[in-house]
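Below, all heavy atoms of this structure are taken into account, side chains as well, without hydrogens, waters or symmetry copies.
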Amino acid sequence: MLLRLTLVLAAALLLTACQSGRRSNVSLQPQQEVLTVPVGAQSISVRADAETIRQTIVANATERGTPIAQNQPNMVVLERTVTEANPALDSEFGPSDNGPRKFRIRIRFQGTGCDTLVVQDVAVVNNAGTALEQVFTLTQPQYNPRDSLIGMKGKAEAGARCA
């Protein structure tokens, strides 16, 4: 009986070892989500790789003294504090009377080699950093000018190794 039990265990172990050694054609790498352009966002194609674009955005923000809230391989988030009263924002989004108001600029980028899509969207944050924080996506072009993307494109392409 003990011999039979030992043989059954050995056979089960061999079967497990054979099965775990099989290779599958299915990729175990997570699929990268396709970058989309939401309503109100600006986008531009840049002839530079994602890392060059990220470095360009970070260098520009550092040069201008703009705080970087997030710095990731395919996304940089900048925040600018609104220091003066802004009646237009007050009337549209309500007052920011329990904390600072900030513009949050999210720049995402995705591509391969010298073909990268860059998407920039802007939100206003009332009462930033407090329990009463409210985030509103801005879809009006005056809050998300294309000029900054065009400037970044020129600098990134000048620093890229793309012909």
Side-chain angles (χ1 to χ4, degrees), residues 23-96 98-163:
R23 296 193 185 257
S24 172
N25 289 337
V26 177
S27 173
L28 298 177
Q29 302 252 343
Q31 294 294 318
Q32 190 172 22
E33 191 174 316
V34 175
L35 187 59
T36 59
V37 182
V39 174
Q42 298 288 345
S43 66
I44 197 165
S45 291
V46 181
R47 292 174 31 120
D49 62 285
E51 180 58 19
T52 300
I53 292 168
R54 187 191 67 75
Q55 289 175 0
T56 302
I57 294 166
V58 169
N60 284 342
T62 303
E63 181 180 298
R64 294 176 185 204
T66 303
I68 300 170
Q70 290 183 37
N71 183 357
Q72 298 174 351
N74 288 81
M75 179 176 68
V76 176
V77 178
L78 310 173
E79 286 188 341
R80 292 189 187 140
T81 302
V82 178
T83 56
E84 299 169 1
N86 191 320
L89 291 177
D90 287 344
S91 67
E92 192 163 346
F93 304 109
S96 185
N98 289 301
R101 175 178 281 146
K102 296 183 177 189
F103 282 110
R104 186 171 291 155
I105 303 107
R106 179 177 67 162
I107 308 157
R108 297 174 294 143
F109 33 94
Q110 183 180 59
T112 55
C114 295
D115 184 23
T116 303
L117 174 65
V118 179
V119 177
Q120 173 179 283
D121 51 359
V122 179
V124 66
V125 183
N126 281 352
N127 304 309
T130 71
L132 299 173
E133 181 174 285
Q134 296 174 299
V135 180
F136 302 95
T137 301
L138 299 175
T139 57
Q140 303 89 342
Q142 71 267 26
Y143 295 121
N144 189 8
R146 190 168 171 81
D147 300 347
S148 62
L149 278 181
I150 293 170
M152 181 279 304
K153 173 184 171 102
K155 288 181 181 181
E157 289 178 348
R161 295 185 179 126
C162 300

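Summarising the geometry of A50 relative to N74, their closest heavy-atom pair is CB-ND2, 4.1 Å, with the distance given to 0.1 Å. When all heavy atoms of P95 and N126 are compared, the closest pair comes out as O-ND2, 3.8 Å. Heavy-atom minimum distance, S96 versus G99: OG-O, 2.9 Å. Contact between L78 and A61 at its shortest, heavy atoms only, is CD2-CB, 3.7 Å.
Within the structure, every pair that satisfies the ring pair (Phe, Tyr, Trp, His ring centres under 6.0 Å) test and touches residues 40-94, not counting sequence neighbours, is listed here: F93-F136. The salt bridge (charged side-chain N to carboxylate O under 4.0 Å, His left out) contacts involving residues 136-156 comprise K153-E157, where partners must be two or more places apart or lie in separate chains. Residue pairs meeting the salt bridge (charged side-chain N to carboxylate O under 4.0 Å, His left out) criterion with at least one member in residues 110-121, sequence neighbours excluded: R106-D121.
Listed by chain and number, the residues in a side-chain contact (heavy atoms from CB on, under 4.5 Å) with N71 are R54, V58, I68, V76 (sequence neighbours excluded). Considering only residues two or more places apart in sequence or on other chains, S148 meets the side-chain hydrogen bond (donor to acceptor under 3.5 Å, both in side chains) condition with Q120. D90 is linked by a side-chain hydrogen bond (donor to acceptor under 3.5 Å, both in side chains) to R101, counting only residues two or more places apart in sequence or in another chain. Q140 is linked by a side-chain hydrogen bond (donor to acceptor under 3.5 Å, both in side chains) to E92, counting only residues two or more places apart in sequence or in another chain. Partners of A158 by side-chain contact (heavy atoms from CB on, under 4.5 Å), not counting sequence neighbours: none found. Partners of Q72 by side-chain hydrogen bond (donor to acceptor under 3.5 Å, both in side chains), not counting sequence neighbours, listed by chain and number: Q70. Take L132 and apply the side-chain contact (heavy atoms from CB on, under 4.5 Å) test, not counting sequence neighbours, and it matches N98, N127, T130. Checked against side-chain contact (heavy atoms from CB on, under 4.5 Å), A128 has the following partners two or more places apart in sequence or in another chain: P100, K102, V125, E133. A search for salt bridge (charged side-chain N to carboxylate O under 4.0 Å, His left out) contacts involving R104 returns E79, not counting sequence neighbours.
Checking each of V37, T36, L149 against S43 for a side-chain contact (heavy atoms from CB on, under 4.5 Å) leaves exactly one that passes, namely V37.
Atom CD1 of I107 sits about 10.5 Å away from atom CE of M75, to the nearest 0.5 Å. Between the CD1 atom of I57 and the OG1 atom of T62 there is a distance of 11.5 Å, given to the nearest 0.5 Å. For the atom pair OG1 (T56) and CZ (F109), the distance works out to 9.5 Å, reported to the nearest 0.5 Å. Here T116 contributes atom OG1 and R108 contributes atom CZ; the two are 14.0 Å apart, rounded to the nearest 0.5 Å.
Contact check for I44 versus I150: side-chain heavy atoms found under the 4.5 Å cut-off. With contacts defined as side-chain heavy-atom distances shorter than 4.5 Å, the pair M152/V118 qualifies.
The backbone N or O of C114 sits nowhere less than 3.5 Å from a side-chain atom of D49 that would complete a donor-acceptor pair. Looking at T52, its side chain never comes within 3.5 Å of a backbone N or O of A48 through a donor-acceptor pair.
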